[in-house]
Number of protein chains: 2
Amino acid sequence: MSENSLNKQTNKIQKRLQMQDIAKLAGVSTSTVSRALNGSSLVNEETRLRVTALAQSLNYSIDIGAQNLRLKNNKTVAVVIPFDSANPQHVSDPFFLTMLGHIADELSMLGHYMLVSRISADNLTAVLEPYESGRAIGIIVIGQWRYHEQLNAMVANKPIAVWGAKMPNQHYVSIGSDNLRGGYLATEHLIKQGRKRIAFFGNKDLPEVAQRYAGYLMAHQKYDLVADQQLSIPAPFSADTVSADIESLINQSISFDGLFACSDLIAMRAIGTLQKLKISVPEKVAVVGYDDIVLAAYFHPSITTIKQSIEVGAQSLVKALFNIINHEKISSEQLDVSLVVRESSIN
Amino acid sequence: MSENSLNKQTNKIQKRLQMQDIAKLAGVSTSTVSRALNGSSLVNEETRLRVTALAQSLNYSIDIGAQNLRLKNNKTVAVVIPFDSANPQHVSDPFFLTMLGHIADELSMLGHYMLVSRISADNLTAVLEPYESGRAIGIIVIGQWRYHEQLNAMVANKPIAVWGAKMPNQHYVSIGSDNLRGGYLATEHLIKQGRKRIAFFGNKDLPEVAQRYAGYLMAHQKYDLVADQQLSIPAPFSADTVSADIESLINQSISFDGLFACSDLIAMRAIGTLQKLKISVPEKVAVVGYDDIVLAAYFHPSITTIKQSIEVGAQSLVKALFNIINHEKISSEQLDVSLVVRESSIN
DNA sequence: AAAATTTATGCAATCGTTTGTAATAAATAT
DNA sequence: ATATTTATTACAAACGATTGCATAAATTTT
């Protein structure tokens with residue numbers, strides 16, 4: 001212990017082993033070591049085995065900085081999560097986190113690392129920083145993006161894939177579900193159950209939510225119903241205000257018999273609040289959620305939700321990004337993740 | 001569009017700007033550019049402004065690979081999530097994900113990046129790879145670690161911080177909650193409600209769970225109860241088997257009036273199953289969960305759980321790691337995250 | 001057996017920064 | 001007016017890998 005701390009003070013930190021050292025010990029040149037370690041056919045089999053065994057036994061591992069400097073391929077993809085500087089909330093949204101998990105799965109399956117960074121929305125240029133600095137070979141952006149214009153101006157022809165709504169005239173590849181259709185499906189599901197006054201809980205400032213709302217209106221039109229403006233509540237995905245919003249509706253005697261929640265969190269919170277107010281679900285008010293996060297399945301009673309497969313979304317994002325990186329195809333088309341109305345359950 | 005694809009085929013990718021280019025344009029040497037960009041006092045104020053402005057306007061950013069090769073400081077911490085090669089499940093456990101989110105918050109607050117990698121448990125040496133290769137300056141390991149011995153042999157004096165139970169004779173720094181106490185608190189809570197036959201749902205192969213079970217036994221002893229072996233069910237955190245387990249207990253007529261679940265997922269699943277079987281909660285069977293994941297708060301009826309603050313845990317992990325890195329203190333003490341029995345709710 | 005080919009290895013340049021040291025110009029002291 | 005100090009800047013050597021090219025040894029061909 002004391003020897004240790006002495007070490008720390010007097011000597012430099014124990015020098016990292018490098019190729020030169022391995023080379024010296026193996027009695028070959030560094031070129032040979034490099035080739036051996038990378039399985040080049042230019043090195044004798046016997047030598048290769050000897051060198052790799054030596055390297056292994058000495059616990060040597062290639063310096064990634066140096067390698068990257070030469071090769072410009074660092075096997076790393078950055079996932080950027082923007083946040084509002086106004087309320088720099090934590091990364092706690094289960095949708096984000098689940099997406100993050102699936103992206104991690106997908107990337108590690110492809111032998112890549114995932115670099116996570118959070119950036120403030122008012123420092124948008126930072127989105128590309130991990131790529132520009134050579135930290136990552138590409139960028140995945142998750143999060144409802146409020147600043148489409150700025151993003152659009154910045155990222156043309158860069159290796160970037162965005163989760164979110166398709167916007168008019170967009171210069172980047174985005175993957176997302178068809179929010180218009182999702183909104184339509186959810187609303188139709190409620191209408192088919194005979195609901196006539198359907199509350200919409202979601203913040204229409206977000207493009208994705210706006211599109212869902214359009215679907216909501218479309219369903220109303222299709223079934224000859226009119227949507228009451230008063231029933232549109234700008235609730236954030238995190239559902240913080242939902243209890244108060246519902247109570248407020250009831251206090252104002254604004255009646256409703258259906259509720260379309262733009263996230264499962266909102267749905268869960270709404271159901272909880274309604275039950276607390278002794279309004280039976282689904283008898284008095286039917287609720288449909290959105291996302292189908294894993295936890296929704298554990299909720300009791302089970303909730304009906306618009307399933308957008310986060311796993312498929314993650315896979316598509318990764319695939320799209322690699323396509324761009326490999327120049328296989330550059331398109332600004334949106335890939336759609338299929339949507340299903342379903343009762344959330346564990347399978 | 002066609003011009004674009006042509007470009008892709010004929011030209012190399014547009015060469016990255018480098019210091020040399022900036023230097024040439026600014027009419028100075030690269031050293032000066034480097035110093036200007038890093039705010040060195042060895043460069044004239046006027047020059048500095050001119051150079052930084054130029055770099056900014058050209059959207060130049062320092063190549064991280066080259067910089068890292070020189071400086072050995074890449075501002076990156078790796079978070080390693082081990083998984084069982086037997087069942088390579090997805091990163092979907094909400095506890096993991098929440099932890100991941102908080103670590104990301106904490107690191108980004110400190111101006112660092114988070115690198116996520118999943119490794120197979122039978123390739124343990126890979127834990128240190130991100131550090132050994134110079135990809136990251138330190139490692140955080142999350143996850144119930146089944147292979148304490150191997151880990152222990154490998155990581156002495158390396159910059160690594162582990163989330164988990166404290167093990168005898170450990171050579172690494174670990175952060176975790178006092179599982180013994182947690183198990184005790186949960187059980188005591190049930191006993192104080194008059195419960196006498198308390199089922200334990202958790203896989204004792206995991207050190208953390210084993211410690212909780214010890215706490216469970218301790219509480220029994222304290223209150224002069226005997227724990228029935230038959231009531232100890234090896235349920236995984238993910239709760240997949242919980243429904244079947246409960247039904248099996250009931251079919252075998254093994255009665256119980258309390259249930260201590262080692263994760264909130266288990267608790268939620270158990271409550272759902274019991275309700276489905278018309279066994280009222282908490283009247284007939286009282287349930288206590290563990291973790292206090294965010295979503296538990298949305299569950300209805302609200303569930304009682306042992307709160308271990310994941311946020312505090314994440315902060316402690318990061319802090320401990322930086323302490324090691326900065327040689328501020330190397331200790332193999334465990335830092336405890338405080339525990340509270342509480343009804344999960346949104347605040 | 002000599003020439004041509006194949007196989008295995010080493011040399012040295014390179015990737016894009018940072019930084020110790022030397023060089024120059026400007027400012028101050030003698 | 002000269003010597004000394006101070007402020008800027010440039011030069012060139014690292015950092016640790018990869019790889020085109022040259023070379024030497026082993027093999028095959030003629």
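Here is the naming used below: chain letters follow the sequence lines, and residue numbers restart at 1 for every chain.
- Map A:Gln67 and B:Leu42 each onto its nearest nucleotide of DNA chain D; the residue landing nearer the 5' end is B:Leu42.
- The nucleotide whose nearest atom lies closest to any side-chain atom of B:Ile62 is, among C:dT18, C:dT9, C:dG20, C:dT18.
- The base of C:dG16 lies outside donor-acceptor range of the side chain of A:Arg70, with no N or O pair under 3.5 Å.
- Among the atoms of the strands shown, none is found under 4.0 Å from any heavy atom of A:Ser40.
- The aromatic rings of A:Trp163 and A:Phe95 are tilted relative to each other, their planes meeting at an angle between 30° and 60°.
- The base of C:dC11 has none of its N or O atoms less than 3.5 Å from a complementary donor or acceptor on the side chain of A:Ser29.
- A:Lys158 has a carboxylate O that lies under 4.0 Å from a charged side-chain N of A:Glu132, or vice versa, which qualifies the two as a salt bridge.
- Side chain to side chain, B:Asn38 and B:Ser40 fail the donor-acceptor criterion of an N or O pair below 3.5 Å.
- Put simply, CZ on A:Arg16 is 8 Å from P on D:dG16, counting in whole angstrom units.
- Shown here is A:Lys24, whose NZ atom has no more than 12 heavy atoms of other residues, nucleotides or ligands within 6.0 Å.
- Rounded to whole Å, the distance from CG on A:Leu69 to P on D:dA14 is 17 Å.
- To the nearest angstrom, P of D:dC15 lies 19 Å from CG of A:Asn68.
- For A:Thr47 and C:dA8, the shortest distance from a side-chain N or O to OP1 or OP2 is not below 4.0 Å.
- The phosphate of D:dG16 has neither OP1 nor OP2 within less than 4.0 Å of any side-chain N or O from A:Tyr60.
- The distance between atom CD1 of B:Ile22 and atom C1' of C:dG16, rounded to the nearest whole Å, is 13 Å.
- The phosphate of D:dA10 has OP1 or OP2 within less than 4.0 Å of a side-chain N or O from B:Thr32.
- Look at CE on A:Met19: it is 20 Å from P on C:dT14, rounded to the nearest Å.
- OP1 or OP2 of C:dT18 sits under 4.0 Å from a side-chain N or O of B:Asn38.
- Here D:dC15 presents its P atom at 13 Å from CG of B:Leu71, a figure rounded to the nearest Å.
- As rounded to whole Å, 10 Å separates atom P of D:dC15 from atom NZ of B:Lys72.
- Ranking C:dT18, C:dG16, D:dG16 by closeness to the B:Ala66 side chain, first place goes to C:dG16.
- Between the CG atom in B:Asn68 and the CD1 atom in B:Ile62 there is a gap of 12.5 Å [rounded to 0.5 Å].
- A straight line from CG of B:Leu37 to C1' of C:dG16 spans 13 Å, rounded to a whole angstrom.
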